[in-house]
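Along the sequence shown, residues are numbered consecutively beginning with 1.
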Amino acid sequence: MISYSYIEKNLRALDTRYRNSRGNKDADFASKLAMLELCGWIEEAMDDCILRASVRVLRQERNRRFIEDRVDRTYGFEYNRHFKPMMINLVGIWGFEKINKSIDPAVNDKFVSALSSLKTIRDSLAHTYTKGVTRQISAPSVAIEWQADVKAGLKAYDAAMRNYCP
């Protein structure tokens with residue numbers, strides 16, 4: 001099972017720090033770190049989902065290493081560019097369609113939408129530094145909301161893969 005407790009605890013701590021901040025800069029740091037922490041967790045959780053499924057279904061060590069290599073070479077958390085190709089490497093396009101079809105469309109739509117929004121935000125935050133000018137950065141409570149959508153999507157894919165790849 002994908003670990004959720006650490007990221008949820010970290011995001012709540014950053015939200016508390018944000019709410020108790022004494023100035024804009026402290027609030028911005030807490031907000032920025034919350035988004036970056038969330039995005040890092042998403043990458044690791046996606047990798048974990050694929051790697052655990054590969055251990056369950058692949059019997060040949062060279063095939064497990066092939067999947068591990070593909071996962072190790074994947075840097076990012078976009079649905080179509082990163083998660084879907086990792087799944088297709090493991091279960092094939094036919095298997096992916098079967099798994100994807102079993103996911104509740106509302107859960108999947110929120111999952112894909114959250115990933116897309118977070119990618120845009122993450123890129124803007126990761127490629128800048130906090131200057132003296134106040135920037136518009138979403139509060140950690142927003143990261144907590146997106147984490148819930150991503151968590152639901154990852155749980156749905158993990159469960160579907162467990163059914164497809166017992």
Side-chain angles (χ1 to χ4, degrees), residues 1-56 67-68 70-87 90 99-100 102-162:
M1 191 58 157
I2 298 166
S3 175
Y4 307 106
S5 60
Y6 291 116
I7 189 62
E8 289 171 352
K9 188 182 297 182
N10 288 351
L11 292 177
R12 282 192 306 273
L14 289 166
D15 190 48
T16 299
R17 179 177 236 158
Y18 173 85
R19 292 175 193 280
N20 295 332
S21 65
R22 300 219 183 268
N24 287 341
K25 197 168 230 177
D26 286 344
D28 285 350
F29 284 146
S31 297
K32 185 173 183 174
L33 183 55
M35 290 298 175
L36 295 175
E37 278 285 295
L38 174 58
C39 294
W41 170 79
I42 293 169
E43 281 192 55
E44 289 184 14
M46 286 178 169
D47 294 352
D48 188 51
C49 183
I50 301 301
L51 291 173
R52 281 182 304 97
S54 74
V55 168
R56 282 194 311 271
I67 295 299
E68 287 172 11
R70 291 299 179 266
V71 168
D72 287 345
R73 291 181 187 200
T74 302
Y75 299 101
F77 57 89
E78 291 174 89
Y79 180 81
N80 285 317
R81 191 169 169 207
H82 302 107
F83 189 59
K84 182 177 174 180
M86 286 192 297
M87 287 188 64
L90 179 60
I99 289 167
N100 188 261
S102 72
I103 306 295
D104 178 344
V107 170
N108 195 51
D109 289 348
K110 284 183 173 182
F111 175 63
V112 173
S113 177
L115 295 177
S116 178
S117 296
L118 285 165
K119 168 70 169 131
T120 303
I121 292 167
R122 181 242 168 246
D123 285 353
S124 73
L125 294 175
H127 300 286
T128 60
Y129 67 99
T130 306
K131 303 174 191 171
V133 178
T134 304
R135 294 186 41 173
Q136 183 65 27
I137 303 174
S138 297
S141 59
V142 174
I144 291 169
E145 291 173 21
W146 272 326
Q147 192 269 342
D149 291 339
V150 172
K151 174 183 174 180
L154 286 172
K155 284 177 84 169
Y157 274 96
D158 190 58
M161 288 181 70
R162 285 179 185 279

Do you know which two heavy atoms are closest between [X] and [Y], and how far apart they sit?
X	Y	result
Ala160	Ile99	CB-CG2, 3.7 Å
Ile50	Leu90	O-CD2, 3.8 Å
Leu11	Pro140	O-CB, 4.3 Å
Ile7	Tyr4	CG2-O, 3.2 Å
Met35	Ser138	CE-CB, 3.7 Å

Main-chain N/O of [Y] paired with [X] side-chain donor or acceptor, under 3.5 Å:
X	Y	answer
Ser54	Leu51	yes
Asp158	Leu154	no
Ser116	Val112	no

Worksheet item: Does the side-chain contact (heavy atoms from CB on, under 4.5 Å) test come out yes or no for Met86 and Asp47, once each step is laid out?
Response: CA-CA 8 Å; Met86 286 192 297; Asp47 294 352; 3.7 Å; yes
Discussion item. Just checking Lys119: does its NZ atom have more than 12 heavy atoms from other residues, nucleotides or ligands closer to it than 6.0 angstrom?
Written reply: yes
Discussion item. For Tyr157 and Tyr79, take the angle between the two ring planes, folded into 0 to 90°, and tell me which bin it lands in: parallel under 30, tilted 30 to 60, perpendicular over 60.
Written reply: tilted
Worksheet item: Between Asp28 and Lys32, is there a side-chain N and carboxylate O pair less than 4.0 Å apart?
Response: no
Worksheet item: Could you go step by step and tell me if Met87 and Met46 meet the side-chain contact (heavy atoms from CB on, under 4.5 Å) rule?
Response: CA-CA 10 Å; Met87 287 188 64; Met46 286 178 169; over 6 Å; no
